[in-house]
Each structure stands twice: as C-alpha cells, then as structure tokens.
Amino acid sequence: MAIKICAAGSGVPGVLVALLLMLPGPASAGEDDDGIVTDRPDFVESSNVVGKGRFQVETSIAVERDKADGIKLRTVSTPTLLRFGVAEDWELRVETDGRLRATADNPATGQRLRETGYADTAVGVKWHMVDDEGARPSMGLLAHWDLDTGSAPFRAPGKGGSLRVVAEWDLPGDLGLGVMPGVAWQRNDEGQRFTSGIFAVVLGKEWNDRLRTFVEYSAQQIAHARDGGSINTLDVGAAWLLGKSVQVDTAVSRALNKNTPDWSWTVGLSLKF
C-alpha cells in the first residue's frame, strides 16, 4: 500500500457504481504474501485483508490540538483496530478511539476543564474483491456500523455507519495510487440523521523493503454546517517494518479549514499473528 485516494459526497454514489462496474469477478487472494499490510497510519484503508485465520492489531496514541475563540483544546486518544480473517477474502473488524482525555484551557480566565472516558466502538467487515492485474486495481469493500457505546462526554447521539470502496494501483518508481469513495450515516447534535461524504488522496513512496512514506489530502467528513461541517487535513507520515509481522509508524496532520483541529499527531504499532 503506497498511495490511496478516498472520496465521497453528493457525487460519490456514481463513483462507487463506476468502481464496482470494474469488477470482473471474485478475487483469488486477500494478500500476495503473508507479511503485514496495515490500514494505518494514513486516513484511508488498504484494499487487502489479513488472511484466513490471521489476527492483526493496529494500535496507537494520537494527540489533537486546536484553538477556537481563545480556548485551547487538546485531546489524547488511543485509536485501535482489531482485524480477524474469517476467509481468504474476508475479515471482521472492531475499531475504536479507545481511552480519551480532552482538556480545554481558557488563558483569559485561567480556567481548565477536563473530561476523560472511552470512545464509541465500530464493528464491520472488509471484503477483498479483486487482485490487481494490468490496469485493473486491487479493490476492497468496507462496511462499518458505529455503536453509541462510549462514555457520556464522547458518545455519539445515536448509531451510524459507513460504506467505502477502495481501489489501489502500483505505479512506476515504487509509487502507488488508490481511490476510496464512501458515504457515512450519522446523527448531529440534535439527534437528526444526516449523510456525509469522505474524500482523500494519498501519494506514497516505498524507499526499500522496510520504509514507506506518504503525503495525503483527506476530507474525513463532507457535510453541511448544521451537521458539523467538513473536516479537511493535509497529512504526512511514514511506516517502518521491524519484521515481517511488526510495523511502527507516525503521521502528522494540519487542518485545512476552521472545522478541523489545527494539528494532530499519531504514533502507532501494528502486529500480525
């Protein structure tokens, strides 16, 4: 996985259909080999699955910083993804932002507010639909159901879900390209249902058998202002293989609009069993 692109929004269903029409039939395998292939540290996913009977954990620490109306906000979380292969082309997934600590400082008054607790959990599946061949990309389909199971300060106002398609191409020069259109169904702060889109573009480079880097534009949410608005970032990062089944990684994100936390940073560890 070297480069990926993710897209969704009012025009996304047409892109989803176009990608699905490219499918000639079922895939023959979820991975070319038994080495670890992760969905982190970039925002979009890999088209690969972990393989039948294999278990993979991708965990991390993430820090977000923001400043709005003179209030300094800082959130520390522990994003974690668990993946279990139930077939060569299918995996089950459990995902959460884990333990959360949010702090708000008001320099004008010297007041500090802090909340701690746990994030919501999402359960889902990934299907590796087809391997790459010639101009045809490697493709995967992901479906998630978001559960409102978190602690009160961080719990979403109702259940939601998402559907995404991933397509990845290998390019000359050890580069890669991918596309991931998708839509998400959520509730706003008033409990009203709304549909949002996702769009991201990642350009990555494999420098050797162990190191890869990437730069990414991601629109993690495309929505009306009444539903929280759009969330857009510019991300850069790197992943390093310590062994065939062990990866460490890091990434930094910079906000591209006012609805997005100014900065975020993550460092992670992934293991395959």
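Note that the numbering runs from 1 along the sequence shown for the chain. Remember, predicted model here, so these are calculated numbers, not experimental data. Only heavy atoms go into these numbers, but all of them, side chains included; no hydrogens, no water, no symmetry mates.
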Chemist: Quick one: does Thr116's side chain get under 4.5 Å of Arg99's, heavy atoms only?
Modeler: yes
Chemist: Sub-3.5 Å donor-acceptor pair from the side chain of Ser46 to the main-chain atoms of Asn48, do we have one?
Modeler: yes
Chemist: Testing Asp42, Asp235, Thr266 for side-chain hydrogen bond (donor to acceptor under 3.5 Å, both in side chains) with Ser253, which one passes?
Modeler: Asp235
Chemist: Please report the shortest heavy-atom distance between Ile222 and Ser230, naming the atom on each side.
Modeler: CA-OG, 3.5 Å
Chemist: Are any non-hydrogen side-chain atoms of Phe55 and Leu82 less than 4.5 angstrom apart?
Modeler: yes
Chemist: Tell me, please, which residues at least two apart from Asp227 pass salt bridge (charged side-chain N to carboxylate O under 4.0 Å, His left out).
Modeler: none
Chemist: Taking atom CD1 of Ile71 as the centre, does the number of heavy atoms from other residues, nucleotides or ligands within less than 6.0 Å exceed 12?
Modeler: yes
Chemist: Are any non-hydrogen side-chain atoms of Asp146 and Lys159 less than 4.5 angstrom apart?
Modeler: no
Chemist: Using a 4.5 Å cut-off on heavy atoms from C-beta on, say whether the side chain of Val50 contacts that of Phe84.
Modeler: no
Chemist: Go through the side-chain N and O atoms of Trp240 and Thr250 and say whether any donor and acceptor fall under 3.5 Å apart.
Modeler: no
Chemist: Would you mind listing every salt bridge (charged side-chain N to carboxylate O under 4.0 Å, His left out) that reaches into residues 107-126, with sequence neighbours excluded?
Modeler: Asp39-Lys126, Asp105-Arg112
Chemist: Can you confirm whether Trp145 is buried at CH2, in the sense that more than 12 heavy atoms of other residues, nucleotides or ligands lie under 6.0 Å from that atom?
Modeler: no
Chemist: Counting N and O atoms only, with roles assigned by atom type, does the side chain of Thr75 sit under 3.5 Å from a partner on the main chain of Glu64, one being a donor and the other an acceptor?
Modeler: no
Chemist: My understanding is that only residues two or more places apart in sequence, or in another chain, count here; which of them pass salt bridge (charged side-chain N to carboxylate O under 4.0 Å, His left out) with Glu58?
Modeler: Arg83
Chemist: Using a 3.5 Å distance criterion without hydrogens, assess whether the side chain of Arg210 forms a donor-acceptor pair with backbone atoms of Leu242.
Modeler: yes
Chemist: Are Val49 and Trp90 packed together at the side-chain level, in the sense that at least one heavy-atom pair is separated by less than 4.5 angstrom?
Modeler: no
Chemist: Does any part of the side chain of Trp263, heavy atoms only, come nearer than 4.5 Å to the side chain of Val252, both counted from C-beta?
Modeler: yes
Chemist: Ignoring hydrogens, what is the shortest heavy-atom contact between Lys272 and Asp34? Give both atom names and the distance.
Modeler: NZ-O, 3.4 Å
Chemist: Distance only, no hydrogens: is a donor on one side chain within 3.5 Å (strictly under) of an acceptor on the other, for Ser270 and Arg40?
Modeler: no
Chemist: Got a sec: does the CD of Glu190 have more than 12 other heavy atoms crowding it under 6.0 Å?
Modeler: yes
Chemist: Could you pull out the closest heavy-atom pair between Ala238 and Phe214, with the gap in Å?
Modeler: N-CE2, 4.0 Å
Chemist: Quick check: are there more than 12 heavy atoms from other residues, nucleotides or ligands sitting under 6.0 Å from CZ of Arg193?
Modeler: no
Chemist: Applying side chain to side chain contact (heavy atoms under 4.5 Å, CB included), run through Leu271 and Ile36 and close with a yes or a no.
Modeler: CA-CA 8 Å; Leu271 303 169; Ile36 190 169; 5.7 Å; no
Chemist: Report yes if some heavy atom in the side chain of Glu133 is under 4.5 Å from a heavy atom in the side chain of Asp131; otherwise report no.
Modeler: no
Chemist: Does some side-chain heavy atom of Val44 sit less than 4.5 Å from a side-chain heavy atom of Val166?
Modeler: no
Chemist: Walk me through it: do Met129 and Val165 pass the test side chain to side chain contact (heavy atoms under 4.5 Å, CB included)?
Modeler: CA-CA 10 Å; Met129 296 186 291; Val165 174; 4.0 Å; yes
Chemist: Is it possible for you to say whether Leu73 and Val76 belong to one hydrophobic cluster, with membership spreading through side-chain heavy-atom contacts below 4.5 Å?
Modeler: no
Chemist: In the single-linkage hydrophobic clustering (I, L, V, M, F, W, Y; side-chain heavy atoms under 4.5 Å), do Trp127 and Val125 co-cluster?
Modeler: yes
Chemist: Ignoring hydrogens and angles, tell me if any N or O in the side chain of Lys72 forms a donor-acceptor pair with the backbone of Arg65 under 3.5 Å.
Modeler: no
Chemist: Count I, L, V, M, F, W, Y as connected when their side-chain heavy atoms are under 4.5 Å apart, and connections chain through other members. Are Leu100 and Val63 then in the same cluster?
Modeler: no
Chemist: Verify, without hydrogens or angle tests, whether Ser60 (side chain) and Pro79 (backbone) share a donor-acceptor contact under 3.5 angstrom.
Modeler: yes
Chemist: Parallel, tilted or perpendicular: which describes the rings of Phe199 and Tyr217, with under 30° parallel and over 60° perpendicular?
Modeler: tilted
Chemist: Does NZ or CZ of Arg187 come closer than 6.0 Å to the centre of the six-membered ring of Phe194, within 45° of the ring's axis?
Modeler: no
Chemist: So, the side chain of Glu216 versus the backbone of Phe43: is there a donor-acceptor pair under 3.5 Å, distance only?
Modeler: yes
Chemist: Take Asp89 and Lys52 through the side chain to side chain contact (heavy atoms under 4.5 Å, CB included) test and state the conclusion after the steps.
Modeler: CA-CA 8 Å; Asp89 301 322; Lys52 184 176 181 180; over 6 Å; no
Chemist: Is it the case that atom CG in Asp209 sees more than 12 heavy atoms from other parts of the structure closer than 6.0 Å?
Modeler: no
Chemist: Less than 3.5 Å apart, any donor N or O on the side chain of Ser47 or Ser138 sitting next to an acceptor on the other?
Modeler: yes
Chemist: Would you find a donor on one side and an acceptor on the other, under 3.5 Å apart, between the side chain of Glu168 and the backbone of Pro137?
Modeler: no
Chemist: Quick one: do Leu234 and Val215 satisfy side chain to side chain contact (heavy atoms under 4.5 Å, CB included)? Show the steps, please.
Modeler: CA-CA 7 Å; Leu234 177 65; Val215 58; 4.2 Å; yes
Chemist: Keeping Arg54 on the side-chain end and Phe273 on the backbone end, is there a donor-acceptor pair under 3.5 Å?
Modeler: yes
